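Everything on this sheet refers to the single structure shown next.
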There are 2 protein chains.
Amino acid sequence: MTALDAPRKPYDIDSLTDVALRVFAERGYDGASMDDVARAAGITKASIYHHVSGKEALLERGLGRALDALFAIIEEPEAREGRAIERLRHIVARVAETTLQLLPELTVLFRVHGASKSEREAVERRRAFDRHVTEIIAGAQRDGDVRRDLDPRLASRLIFGMSNSVVEWYRSGTLSRETIARAVVAIAFEGIAARRG
Amino acid sequence: MTALDAPRKPYDIDSLTDVALRVFAERGYDGASMDDVARAAGITKASIYHHVSGKEALLERGLGRALDALFAIIEEPEAREGRAIERLRHIVARVAETTLQLLPELTVLFRVHGASKSEREAVERRRAFDRHVTEIIAGAQRDGDVRRDLDPRLASRLIFGMSNSVVEWYRSGTLSRETIARAVVAIAFEGIAARRG
DNA sequence: GCGCCCCTACCGAGCGTTCGGGCGGGGAAC
DNA sequence: GTTCCCCGCCCGAACGCTCGGTAGGGGCGC
């Protein structure tokens with residue numbers, strides 16, 4: 001054990017992916033260089049290639065993490081059983097929580113636009129997630145629990161647009177994750193207006 | 001008049017900014033090359049430099065357009081006079097409309113993260129806009145028109161996060177701008193849940 | 001002393017930008 | 001009306017630099 005200063009990082013694929021995602025989230029994937037990642041990891045650029053095949057592999061692993069986390073949510077029992085509006089409430093809350101918990105991963109995912117092959121696959125998986133939620137909203141609308149003047153697809157996009165936007169400003173501190181997730185659900189379902197009576 | 005085929009583009013700073021913003025919005029500022037812009041304009045890369053000083057100047061002009069449009073909104077009479085909640089309603093609706101109208105400009109603005117000097121200035125102006133709206137929300141809360149369990153700053157960020165997210169998926173077609181702007185306001189103030197009674 | 005892990009040094013490609021020149025039309029000179 | 005030149009506009013080519021990625025050597029632990 002070199003007990004001096006170096007914490008002696010493990011430097012495996014996963015820990016390098018952690019570092020890379022933080023850098024990608026901060027500088028943007030295109031704007032971040034492998035040297036940036038290397039410096040953040042306390043290692044040389046060439047050494048990264050001993051562990052991963054390249055820059056895009058780091059992105060791909062990050063996108064996979066993010067999407068796996070999202071799809072895990074819609075597999076949860078509370079997202080599969082019960083009234084549509086309650087399933088929706090659960091999903092929205094859990095997506096917001098997960099976004100705050102896996103902030104770098106989801107920051108990168110939400111900014112991807114299909115430039116490369118792995119990006120295009122990620123966009124496709126996101127669309128599948130979106131379709132699933134849109135279906136639930138349509139169901140809740142049929143139940144009479146969601147106002148009928150809203151297009152389900154539009155509502156889905158706006159709600160997750162609101163939820164996803166936390167990656168643009170959240171920095172751990174002042175507001176707790178719970179507070180934010182609760183606010184997302186509150187606005188999405190009841191809005192900011194004070195209830196009358 | 002060369003009535004043949006060439007539409008004989010004007011190729012001034014503004015028209016090149018138009019083209020550049022569309023390219024930046026599609027590929028991302030970092031991901032877009034000056035060759036991409038040149039090709040989209042039907043001109044050579046070198047020729048662009050006859051009209052503008054460089055890539056960042058194109059970005060700066062685009063960010064200026066976007067921010068000017070946003071600040072023009074809070075100068076409108078409906079945003080300055082009357083009950084806070086009604087001023088807020090007006091601003092949210094107008095921001096959504098403006099976003100859809102100046103889509104490339106605001107797409108680029110919403111993705112900027114302060115990498116260069118002009119980006120940092122744009123971020124600062126956005127923050128000023130946000131502070132202004134946050135103040136209005138706080139006022140509406142004091143009036144009893146906004147529920148008290150929401151932090152005004154958080155509410156402001158989430159509402160505009162929802163509104164701004166349209167740049168990620170809107171393509172002129174199926175849904176009209178009015179429909180979208182109305183949905184943004186509807187969800188922000190009343191939420192998607194059906195009213196009881 | 002063998003193998004894993006990281007280093008220094010380097011490569012070709014692509015970037016934003018610059019340079020010098022060519023082309024073409026409009027106005028002045030005659 | 002013809003000639004000539006100037007100047008705005010655009011191009012091909014190349015510069016310096018940084019990028020993602022590679023080659024090969026060295027050192028440390030087992």
Side-chain angles (χ1 to χ4, degrees), chain A residues 1-63 108 112 115-119, chain B residues 1-63 108 112 115-119:
Chain A
M1 307 217 184
T2 60
L4 256 172
D5 53 333
R8 196 54 186 168
K9 305 269 176 61
Y11 287 142
D12 58 356
I13 313 185
D14 283 323
S15 65
L16 285 177
T17 303
D18 288 341
V19 174
L21 285 170
R22 281 198 296 271
V23 175
F24 292 167
E26 197 174 282
R27 300 243 224 281
Y29 178 71
D30 286 325
S33 73
M34 289 297 270
D35 258 328
D36 291 331
V37 177
R39 215 170 303 124
I43 208 177
T44 313
K45 182 176 61 162
S47 302
I48 295 179
Y49 288 87
H50 182 75
H51 301 282
V52 299
S53 64
K55 191 185 183 185
E56 194 167 348
L58 289 170
L59 176 65
E60 197 170 350
R61 287 186 73 88
L63 294 176
V108 171
V112 146
S116 65
K117 207 191 72 174
S118 42
E119 293 190 24
Chain B
M1 304 213 185
T2 62
L4 258 172
D5 54 332
R8 197 54 185 166
K9 305 269 178 56
Y11 286 142
D12 58 354
I13 314 186
D14 283 323
S15 65
L16 285 176
T17 304
D18 288 341
V19 174
L21 284 169
R22 281 198 297 271
V23 175
F24 291 166
E26 197 174 282
R27 300 244 223 280
Y29 178 72
D30 285 324
S33 73
M34 288 298 270
D35 256 328
D36 292 331
V37 177
R39 215 171 301 123
I43 209 178
T44 312
K45 186 173 56 162
S47 302
I48 296 180
Y49 287 86
H50 181 75
H51 301 282
V52 298
S53 65
K55 190 184 184 186
E56 194 167 349
L58 289 169
L59 175 65
E60 196 170 351
R61 286 186 74 88
L63 295 177
V108 171
V112 145
S116 65
K117 207 191 74 176
S118 41
E119 293 191 23

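Keep in mind the model is a prediction, meaning the values are calculated, not measured. Chain naming here is simple, since letters A, B, ... match the order of the sequence lines and numbering starts at 1 in each.
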Output one line per pair: protein atom, nucleotide atom from nucleotides 14-18 of chain C, and distance, for all N/O pairs under 3.5 Å.
from   : atom 1 : to      : atom 2 : distance (Å)
C:dG16 : OP1    : B:Ala32 : O      : 3.3
C:dG16 : OP1    : B:Met34 : N      : 3.4
C:dG16 : OP1    : B:Lys55 : NZ     : 2.9
C:dG16 : OP2    : B:Met34 : N      : 2.7
C:dG16 : N7     : B:Lys45 : NZ     : 3.3
C:dT17 : OP2    : B:Tyr49 : OH     : 2.6
C:dT17 : OP2    : B:Lys55 : N      : 2.7
C:dT17 : O5'    : B:Tyr49 : OH     : 3.4
C:dT17 : O4     : B:Lys45 : NZ     : 3.0

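When the side-chain nitrogen and oxygen atoms of A:Thr44 are compared with OP1 and OP2 of C:dC7, one or more of them lie within a distance under 4.0 Å. Between B:Ser47 and D:dC11, a side-chain N or O to OP1/OP2 separation shorter than 4.0 Å is present.
Side-chain contact of B:Ser15 with B:Asp18: a donor-acceptor pair under 3.5 Å is absent, judged by distance alone.
Taking the side chain to side chain contact (heavy atoms under 4.5 Å, CB included) definition, one finds that B:Thr44 meets it with B:Ser47, sequence neighbours left out.
The stretch residues 51-62 of chain B participates, sequence neighbours left out, in these side-chain hydrogen bond (donor to acceptor under 3.5 Å, both in side chains) pairs: B:Asp14-B:Arg61, B:Glu56-B:Ser116, B:Glu56-B:Ser118. Among residues at least two apart or in separate chains, salt bridge (charged side-chain N to carboxylate O under 4.0 Å, His left out) pairs with a member in residues 22-33 of chain A are A:Arg27-A:Asp36. The list of ring pair (Phe, Tyr, Trp, His ring centres under 6.0 Å) pairs with a residue in residues 29-49 of chain A, not counting sequence neighbours, reads A:Phe24-A:Tyr29.
What you find for A:Val19 and A:Val37 is that their closest heavy atoms are CG1-O, 3.8 Å.
Summarising the geometry, the separation between CG on B:Asp12 and P on D:dC10 is reported as 10 Å, rounded to the nearest angstrom. Atom-to-atom, CG of B:Leu16 to P of D:dC9 comes out at 12 Å; the value is rounded to the nearest Å. Taking atom CD1 of B:Ile48 as the reference point, atom P of D:dC9 lies 15 Å away to the nearest angstrom. Between the NE2 atom of A:His50 and the P atom of D:dG26 there is a distance of 18 Å, rounded to whole Å.
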